[in-house]
Amino acid sequence: MASKRMLKKSVNEITEELFMESLYYVLNAPEEYAEQLETIISRLTITQEDFLKRINNPDGKDNPTLVKKYYSKLKDDFQNIANEIIEQLNTIREKMSANVNPAN
């Protein structure tokens, strides 16, 4: 079960990194971004819990082909959610940069 352990470790590391970046923005962003950032942090927490549960409970435990497909989809789903959150954080960062360095 080393692959489950490594997958859990990856999920935890990625969500923790995104959480830390979100926390940085909470501490440094103007108040107008507070609600967006709270939503991102909530989504990260829910996502982490959900994916850790899904890792422990694969479909088709007796069929290796189904298990492989299950984990492949799980990885893709997690990557998609992580990318969405990264895009949201990048949008906030870009807006903050535009406010600090307004165009002439």
Side-chain angles (χ1 to χ4, degrees):
M1 290 290 121
S3 60
K4 276 187 183 181
R5 189 182 80 222
M6 294 302 293
L7 189 55
K8 287 180 191 179
K9 186 176 180 179
S10 294
V11 166
N12 283 327
E13 287 176 352
I14 292 168
T15 53
E16 287 171 10
E17 283 292 320
L18 291 172
F19 179 80
M20 293 301 292
E21 186 172 349
S22 299
L23 188 57
Y24 169 81
Y25 288 121
V26 166
L27 296 173
N28 295 299
E31 192 65 30
E32 64 190 84
Y33 301 107
E35 188 174 326
Q36 285 178 298
L37 291 165
E38 287 176 20
T39 302
I40 290 170
I41 290 172
S42 294
R43 187 171 182 201
L44 280 168
T45 304
I46 292 167
T47 298
Q48 183 179 28
E49 291 173 6
D50 178 49
F51 278 88
L52 291 177
K53 287 178 187 176
R54 287 174 61 186
I55 290 169
N56 286 329
N57 300 306
D59 290 340
K61 291 181 182 179
D62 298 330
N63 186 336
T65 304
L66 289 177
V67 171
K68 186 174 181 175
K69 286 181 183 179
Y70 176 84
Y71 282 114
S72 179
K73 181 175 179 348
L74 185 135
K75 290 176 191 176
D76 290 342
D77 291 348
F78 182 75
Q79 186 65 47
N80 289 336
I81 291 172
N83 286 340
E84 289 173 15
I85 292 170
I86 290 168
E87 287 177 21
Q88 291 172 342
L89 291 172
N90 285 339
T91 301
I92 291 171
R93 180 183 47 81
E94 289 169 5
K95 288 178 181 177
M96 286 174 53
S97 294
N99 290 341
V100 171
N101 300 318
N104 292 331

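We use all heavy atoms of the structure for the numbers below, so side chains are in, but hydrogens, waters and symmetry mates are not. Along the sequence shown, residues are numbered consecutively beginning with 1.
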- line: Shortest non-hydrogen pair, R54 vs L74, comes out as CB-CD1, 3.3 Å
task: Test E32 against K95 for salt bridge (charged side-chain N to carboxylate O under 4.0 Å, His left out), laying out the working first.
output: CA-CA 11 Å; E32 64 190 84; K95 288 178 181 177; over 6 Å; no
message: How long is the straight-line distance from CD1 of I14 back to CG of L18, given to the nearest 0.5 Å?
response: 7.5 Å
field: Any side-chain heavy-atom pair of R93 and N90 under 4.5 Å
entry: yes
task: Locate the shortest heavy-atom distance separating Q88 from I40; write the atom from each residue and the value.
output: OE1-CG1, 3.3 Å
message: For the OG atom of S22 and the CD atom of E17, what is their distance to the nearest 0.5 Å?
response: 11.0 Å
Side-chain H-bond candidate by donor/acceptor type, Q79 with N83, under 3.5 Å: yes
- prompt: How many angstroms lie between OG in S3 and NZ in K68, if you round to the nearest 0.5 Å?
  reply: 11.5 Å
message: Within the 4.5 Å heavy-atom criterion, are F51 and T15 side-chain neighbours or not?
response: no
message: Quick one: does any side-chain atom of Y33 pair with a main-chain N or O of N28 as donor and acceptor, under 3.5 Å?
response: no
- prompt: Should L37 and L89 count as side-chain neighbours, where that means a heavy-atom distance under 4.5 Å?
  reply: yes
statement: Hits for side chain to side chain donor-acceptor pair (under 3.5 Å) against K73, two or more places apart or cross-chain, chain-then-number order -> D77
Distance (rounded to the nearest 0.5 Å) between E87 CD and E94 CD: 10.0 Å
- request: Using modelled atom types only, decide if a donor and an acceptor are shared between the side chain of Y71 and the backbone of I55 within a distance under 3.5 Å.
  value: yes
- prompt: Yes or no on side chain to side chain contact (heavy atoms under 4.5 Å, CB included) for D59 and K69, after CA distance, side-chain angles and deciding distance?
  reply: CA-CA 9 Å; D59 290 340; K69 286 181 183 179; over 6 Å; no
- prompt: For the side chain to side chain contact (heavy atoms under 4.5 Å, CB included) test, which of I46, L52, L44, T45 pairs with Q48?
  reply: L52
- prompt: Can you tell me if Y70 uses its side chain to pair, donor with acceptor, with the backbone of N57 under 3.5 Å?
  reply: yes
message: Is any side-chain heavy atom of R43 closer than 4.5 Å to one of I81?
response: yes
task: Carefully, step by step, assess K75 and L7 under the rule side chain to side chain contact (heavy atoms under 4.5 Å, CB included).
output: CA-CA 9 Å; K75 290 176 191 176; L7 189 55; 4.0 Å; yes
